[in-house]
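All remarks here apply to the structure that follows.
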Amino acid sequence: MPTPESGLSRRRFLARALTGGATIAVVGTGGLSYRVFDTAVLDPHHRDAYDPWTTWREAPGPLGAVAAAILAANPHNTQPWTFRVTSQVIDVHADPARRVVALDPLGRETHIGLGCALENLVLGAQARGLDPTVSLLPDGSDDGWVASVALGRAPAAGGARASDLYDAIGDRHSDRGAYGDEALTAQTLSLLVDTAGLPGVEVHWITERPAMESMSTLMIEAATAVTEDQQQSRDGFVWFRPDDDEIQRHRDGLTLDGQGMSPAVLTIAKLIPASSRTAGDAFWVTQTRNVHTATAKAYGVITVADAGDPATRLTGGRLLQRVHLTATSHGVAMQHMNQITERIDRDASTGSVDQFSARLQALLPPGTQPLASFRVGHPVRQARLSPRRAVDEVAT
């Protein structure tokens with residue numbers, strides 16, 4: 001990271017850009033040309049790490065269903081899955097090496113991400129003329145084998161069953177940018193939720209101003225607490241990919257393209273030398289305060305009876321993905337916001353005083369527990385792609 005005397009760092013530029021005060025002149029074509037190449041400024045989404053977003057419809061049969069599954073939402077874009085594929089069944093397994101331990105000490109987010117992939121897998125199988133039947137935790141334990149999907153042949157009369165949700169798979173992306181001023185009606189929010197076939201999970205909408213303000217405060221405080229927890233901060237930073245070389249090497253993780261910046265700010269941010277972990281943390285907290293919570297038009301919380309039950313978490317992940325796909329099909333932007341539950345689980349795992357559970361619970365229906373939360377609104381600009389590992393890297 002540059003010293004204070006060596007130039008403008010990403011942190012300093014972004015801090016100024018977010019408050020509207022950035023004016024930049026870039027001098028020296030040699031270093032600039034290298035940064036243009038190194039960060040793929042001119043062509044960010046036409047490299048191998050983004051190919052799965054354009055080829056996911058092409059493969060037939062079970063591998064085509066997996067091609068849909070790998071585009072699912074998941075924590076920190078760790079893609080915590082592997083698949084064992086035959087013509088009759090697809091087994092879904094957790095990849096323990098991809099669990100961000102300090103941010104996910106109890107496995108909540110891993111299960112939710114696997115549930116998201118499972119929902120895409122089902123949609124992908126149906127669109128290929130298969131009749132998937134899902135069995136959760138098929139060996140009766142949470143040992144990493146989280147689901148088995150039997151692949152019957154759909155009746156000839158029904159055939160392939162592509163749907164609006166299936167068609168939305170390639171367009172669904174986490175939108176971390178600002179949302180527009182237009183409100184979301186209660187009718188629109190109700191259209192986003194379909195719990196058919198997903199027992200024990202619901203969505204509670206937070207829309208009234210006092211509750212929205214309380215939820216926003218919790219989001220900002222939780223983001224701050226994550227950054228002040230050195231282990232959580234370090235574990236998260238491991239998954240940041242600062243340039244195209246890293247993106248192509250790993251094909252996972254978080255990128256500058258995914259942070260919701262305007263095209264002009266994003267381009268200049270890529271040209272400036274990469275920031276430190278603490279600078280990235282400060283940027284996230286600022287975004288949470290000035291963009292994410294400030295422009296949210298509603299918060300949604302997946303609620304369950306027991307947030308510690310692995311099968312319930314998987315089912316909740318399926319609902320979360322279904323809501324996001326439905327939102328995409330209706331032109332609604334969505335961002336999963338994990339920091340409150342990350343802090344709840346971190347406090348539970350370390351025996352620390354729980355700073356968030358009671359305050360979040362006060363916003364929810366009695367007798368329910370929060371599993372996952374997100375914000376929704378109308379997008380200001382199109383969200384950008386995230387890198388993905390190819391099917392042959394995750395399926396055997």
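Quick caveat, the model's predicted, so the values are computed rather than measured.
- A donor-acceptor contact closer than 3.5 angstrom links the side chains of Asn77 and Gln79.
- Heavy-atom neighbours of Asp143 CG from other residues, nucleotides or ligands within 6.0 Å: above the threshold of 12.
- Other cluster members for Val100: Leu103, Val226, Val238, Trp239, Trp284, joined by side-chain heavy-atom distances under 4.5 Å among Ile, Leu, Val, Met, Phe, Trp and Tyr.
- For the residue pair Asp48 and Pro52, the shortest heavy atom distance occurs at O-CD, 3.8 Å.
- When side chains are defined from C-beta on, Val323 counts as touching Leu319, because their heavy atoms get closer than 4.5 Å.
- A 6.0 Å sphere centred on CD of Gln382 holds no more than 12 heavy atoms belonging to other residues, nucleotides or ligands.
- One finds the CG atom of Leu118 at 6.5 Å from the CG atom of Leu136 (value rounded to the nearest 0.5 Å).
- Applying the salt bridge (Lys or Arg N to Asp or Glu O under 4.0 Å) definition to pairs two or more places apart or across chains, those involving residues 317-342 are Glu119-Arg318, Glu119-Arg322.
- For Asp354, the side-chain hydrogen bond (donor to acceptor under 3.5 Å, both in side chains) test picks out Ser357, with sequence neighbours left out.
- Both Leu371 and Leu320 belong to a common hydrophobic cluster when Ile, Leu, Val, Met, Phe, Trp and Tyr are linked at side-chain heavy-atom distances under 4.5 angstrom.
- Note: Gln339 CD to Ile344 CD1 = 11.0 Å, rounded to the nearest 0.5 Å.
- Between Phe237 and Phe240, the angle of the ring planes stays under 30°, which puts this pair in the parallel group of the 30/60° scheme.
- The ring-ring contact (aromatic ring centres under 6.0 Å, His included) contacts involving residues 166-193 comprise Trp53-His173, Trp56-Tyr166, where partners must be two or more places apart or lie in separate chains.
- In terms of heavy-atom proximity, Ala390 sits nearest to Arg251 at CB-NH2, 4.0 Å.
- By the 6.0 Å contact criterion, CD on Glu202 is open, its count of non-hydrogen atoms from other residues, nucleotides or ligands being 12 or less.
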Please step through side chain to side chain contact (heavy atoms under 4.5 Å, CB included) for the pair Val376 and Leu189, ending with a clear verdict.
CA-CA 9 Å; Val376 289; Leu189 294 177; 4.1 Å; yes

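- Not counting sequence neighbours, the partners of Arg57 by the salt bridge (charged side-chain N to carboxylate O under 4.0 Å, His left out) test are Asp167.
- Cluster annotation: Val285 is not connected to Leu218 through the hydrophobic network of ILVMFWY side chains, with a link wherever side-chain heavy atoms come within less than 4.5 Å.
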Would you be so kind as to tabulate the donor-acceptor pairs closer than 3.5 Å made by side chains of residues 84-94, with sequence neighbours excluded?
residue: Thr86; atom: OG1; partner: Gln88; partner atom: N; Å: 3.2
residue: Thr86; atom: OG1; partner: Val89; partner atom: N; Å: 3.1
residue: Thr86; atom: OG1; partner: Val89; partner atom: O; Å: 3.3
residue: Asp91; atom: OD1; partner: Trp145; partner atom: NE1; Å: 3.4
residue: Asp91; atom: OD1; partner: Ser148; partner atom: OG; Å: 2.8

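- Residue pairs meeting the ring-ring contact (aromatic ring centres under 6.0 Å, His included) criterion with at least one member in residues 197-231, sequence neighbours excluded: Trp205-Phe374.
- Under the rule for a salt bridge (charged side-chain N to carboxylate O under 4.0 Å, His left out), the partners of Arg108 that lie at least two apart in sequence or sit in another chain are Asp345.
- With rounding to the nearest 0.5 angstrom, the OG atom of Ser329 is 6.0 Å from the CG atom of Asp164.
- The two residues Arg99 and Thr110 have their closest heavy-atom pair at CG-OG1, 3.7 Å.
- Partners of Arg381 under the salt bridge (charged side-chain N to carboxylate O under 4.0 Å, His left out) rule, at least two apart in sequence or in another chain, do not exist in this structure.
- With contacts defined as side-chain heavy-atom distances shorter than 4.5 Å, the pair Asn74/Arg388 qualifies.
- Shown here is Gln187, whose CD atom has no more than 12 heavy atoms of other residues, nucleotides or ligands within 6.0 Å.
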N/O donor-acceptor pairs under 3.5 Å from side chains in residues 296-317, not counting sequence neighbours:
residue: Lys297; atom: NZ; partner: Gly180; partner atom: O; Å: 3.0
residue: Lys297; atom: NZ; partner: Thr295; partner atom: O; Å: 2.8
residue: Tyr299; atom: OH; partner: Ser216; partner atom: OG; Å: 2.8
residue: Asp306; atom: OD1; partner: Gly308; partner atom: N; Å: 3.0
residue: Asp309; atom: OD2; partner: Thr312; partner atom: N; Å: 2.9
residue: Asp309; atom: OD2; partner: Thr312; partner atom: OG1; Å: 2.7
residue: Arg313; atom: NE; partner: Ala307; partner atom: O; Å: 2.8
residue: Arg313; atom: NH1; partner: Leu106; partner atom: O; Å: 2.9
residue: Arg313; atom: NH1; partner: His111; partner atom: ND1; Å: 3.4
residue: Thr315; atom: OG1; partner: Ala311; partner atom: O; Å: 3.0

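- We find the SG-CG distance between Cys116 and Leu325 to be 9.0 Å, quoted to the nearest 0.5 Å.
- A search for salt bridge (charged side-chain N to carboxylate O under 4.0 Å, His left out) contacts involving Asp104 returns nothing, not counting sequence neighbours.
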Applying side-chain hydrogen bond (donor to acceptor under 3.5 Å, both in side chains), run through Ser233 and Arg277 and close with a yes or a no.
CA-CA 8 Å; Ser233 173; Arg277 171 172 60 87; 2.7 Å; yes

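- A distance of 6.5 Å separates CG in Asp175 from CZ in Arg375, rounded to the nearest 0.5 Å.
- Counting only heavy atoms from C-beta outward, the side chains of Ser163 and Leu123 approach each other to under 4.5 Å.
- Counting only heavy atoms from C-beta outward, the side chains of Gln335 and His292 approach each other to under 4.5 Å.
- A side-chain donor from one of Gln321 and Asn120 sits under 3.5 Å from a side-chain acceptor of the other.
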Give the intermediate values and the outcome of side chain to side chain contact (heavy atoms under 4.5 Å, CB included) for residues Gln355 and Glu221.
CA-CA 10 Å; Gln355 301 290 326; Glu221 290 183 8; over 6 Å; no

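- Between atom OH of residue Tyr50 and atom CZ of residue Arg384 there is a gap of 9.5 Å, rounded to the nearest 0.5 Å.
- Side chains of Arg343 and Gln232: a donor-acceptor N/O pair is present below 3.5 angstrom, by distance only.
- Placement of Leu71 and Ile247 within a single hydrophobic cluster is found when ILVMFWY residues are connected by side-chain heavy-atom separations under 4.5 Å, directly or transitively.
- As a member of the Ile/Leu/Val/Met/Phe/Trp/Tyr network built from side-chain separations under 4.5 Å, Val380 groups with nothing else and remains a singleton.
- Around CD of Glu213, the count of heavy atoms belonging to other residues, nucleotides or ligands within 6.0 Å exceeds 12.
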